[in-house]
Amino acid sequence: MTAPSGHEVRSAKTRAQLIEAAIDVIGAVGYEGASTRAITQAAKTPLSAIPYHFGGKGELYMAAAQMIAEYARERFGEVIHILDAPASGSESEAFEKALLHLLHIILSNAEPHSWTSFVARCAYENDEAFSLIHKQAIEPMLQRLVEAVTAFSSGDIGIAAARLRINAVVTAIFSFRFLRGVMIRGMDWENLQDDGAAQLEKMISDLCRSSFLPVRPAT
């Protein structure tokens, strides 16, 4: 393999700057409000860089969504891995651990705040960018969780009911990132990570052991 040329290195750097800037600007003002001039100014690139590297704002928007989707797929893949290869205990215990791990991913805030704003905006619009993120990163995890709870429930709930319940639980967990102010103010906490994590973990565990997600007999 030959080393990349100086032009290739500069081109890759410019593309990365434009994607990061698009996430920042679109996350702040939305796709319609984000002008190509504002994006290139944030990226510190000439205005011609967007059509040269992406073709237009729409293609840049999708490239930004693709980058987030690839990252999210890797993180949510950790949840699937727990279900597919339980380290110890029963498969139902692995299911509970998988949901708790998802909770930790959401509460960790490991990603830039602009990523959260970007995803929140395209999720609200339910546009093609969110369709890409959902299909590549979220849907595989949801499907695996539905398969797991359907198997563990031994026919107590059907596919449609399992799908609805899993979507409801995962949406609730996601809300701890995207609507964290509702929980923080409602519980009078300073923040979710320090004040609420243990209580949220217990809530998820209790839910897993209830009739709502009957993956094992209630205790």
Side-chain angles (χ1 to χ4, degrees), residues 20 23-24 26-28 64-87 92-127 129-149 152 162-210 212-213 215:
E20 291 173 5
I23 292 173
D24 289 343
I26 293 172
Q66 180 64 52
M67 188 185 76
I68 290 176
E70 290 172 0
Y71 174 85
R73 182 172 61 215
E74 183 176 346
R75 294 307 311 271
F76 296 155
E78 298 168 13
V79 175
I80 296 174
H81 178 73
I82 293 172
L83 293 170
D84 290 343
S92 57
E93 289 172 331
F95 179 85
E96 182 177 323
K97 289 178 182 177
L99 279 185
L100 289 173
H101 188 71
L102 175 60
L103 175 67
H104 294 157
I105 290 172
I106 295 302
L107 293 184
S108 67
N109 281 327
E111 306 76 31
H113 175 69
S114 58
W115 286 32
T116 301
S117 299
F118 180 95
V119 175
R121 284 187 177 275
C122 62
Y124 178 79
E125 296 296 335
N126 195 24
D127 59 12
F130 185 68
S131 176
L132 185 152
I133 294 170
H134 189 277
K135 183 176 182 179
Q136 294 190 17
I138 302 173
E139 186 177 317
M141 177 184 66
L142 289 173
Q143 182 59 38
R144 186 63 187 87
L145 287 167
V146 170
E147 292 171 357
V149 76
F152 300 154
R163 186 177 180 184
L164 177 61
R165 296 179 193 191
I166 288 297
N167 272 278
V169 171
V170 170
T171 299
I173 292 174
F174 282 177
S175 74
F176 300 145
R177 168 75 67 85
F178 297 102
L179 298 173
R180 66 182 185 277
V182 175
M183 180 64 74
I184 290 172
R185 290 182 180 276
M187 295 300 297
D188 196 25
W189 292 337
E190 289 294 327
N191 59 67
L192 289 179
Q193 289 84 353
D194 296 334
D195 298 332
Q199 294 183 58
L200 292 175
E201 289 173 6
K202 184 178 185 305
M203 181 184 71
I204 295 297
S205 293
D206 289 345
L207 193 60
C208 286
R209 304 174 195 190
S210 72
F212 186 75
L213 292 175
V215 298

Give the minimum heavy-atom separation between [X] and [Y], together with the two atoms involved.
{"X": "Ile184", "Y": "Glu190", "answer": "CG2-O, 4.0 Å"}
{"X": "Ala94", "Y": "Ile82", "answer": "O-CG2, 3.4 Å"}
{"X": "Ile133", "Y": "Cys122", "answer": "CD1-SG, 4.1 Å"}
{"X": "Ala64", "Y": "Phe118", "answer": "CB-CZ, 3.9 Å"}

Partner set under side chain to side chain contact (heavy atoms under 4.5 Å, CB included) for [X], not counting sequence neighbours:
{"X": "Gln136", "result": "Gln66, Ala69, Arg73, Leu132"}
{"X": "Met183", "result": "Phe176, Met187, Trp189, Leu192, Leu200"}
{"X": "Ser114", "result": "Ile23, Asp24, Pro112"}
{"X": "Leu179", "result": "Ser175, Val182"}

Residues forming a ring pair (Phe, Tyr, Trp, His ring centres under 6.0 Å) with [X], sequence neighbours excluded:
{"X": "Phe174", "answer": "Phe76"}
{"X": "Tyr71", "answer": "Trp115"}
{"X": "His134", "answer": "Phe130"}

Residue list, salt bridge (charged side-chain N to carboxylate O under 4.0 Å, His left out) with Glu78, at least two apart or on another chain: Arg75
Could you work out, with salt bridge (charged side-chain N to carboxylate O under 4.0 Å, His left out) as the rule, every residue matching Asp127, not counting sequence neighbours?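 Residues passing salt bridge (charged side-chain N to carboxylate O under 4.0 Å, His left out) with Asp127: none at all.
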Nearest 0.5 Å, what's the [atom1]-[atom2] distance between [X] and [Y]?
{"X": "Arg144", "Y": "Met141", "atom1": "CZ", "atom2": "CE", "result": "12.5 Å"}
{"X": "Glu70", "Y": "Glu74", "atom1": "CD", "atom2": "CD", "result": "10.0 Å"}
{"X": "Glu147", "Y": "Leu83", "atom1": "CD", "atom2": "CG", "result": "9.5 Å"}
{"X": "Met203", "Y": "Cys208", "atom1": "CE", "atom2": "SG", "result": "10.5 Å"}

For Asp194, which residues count as a side chain to side chain donor-acceptor pair (under 3.5 Å) partner, sequence neighbours excluded?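 Applying side chain to side chain donor-acceptor pair (under 3.5 Å) to Asp194 gives Asn191.
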Main chain of Ile105, side chain of Ser108: is a donor-acceptor contact present, judged purely on distance under 3.5 Å?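 At least one qualifying donor-acceptor pair exists.
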Between Ser210 (side chain) and Leu207 (backbone), is there a donor-acceptor pair under 3.5 Å? yes
Between Asn167, Ile173, Ile166, which is the residue that forms a side-chain contact (heavy atoms from CB on, under 4.5 Å) with Val169? Ile173
Scan for salt bridge (charged side-chain N to carboxylate O under 4.0 Å, His left out) pairs involving residues 173-184, sequence neighbours excluded, and state none if there are none. Glu111-Arg177
For residues 115-125, which residue pairs qualify under salt bridge (charged side-chain N to carboxylate O under 4.0 Å, His left out), counting only residues two or more places apart or in two chains? none
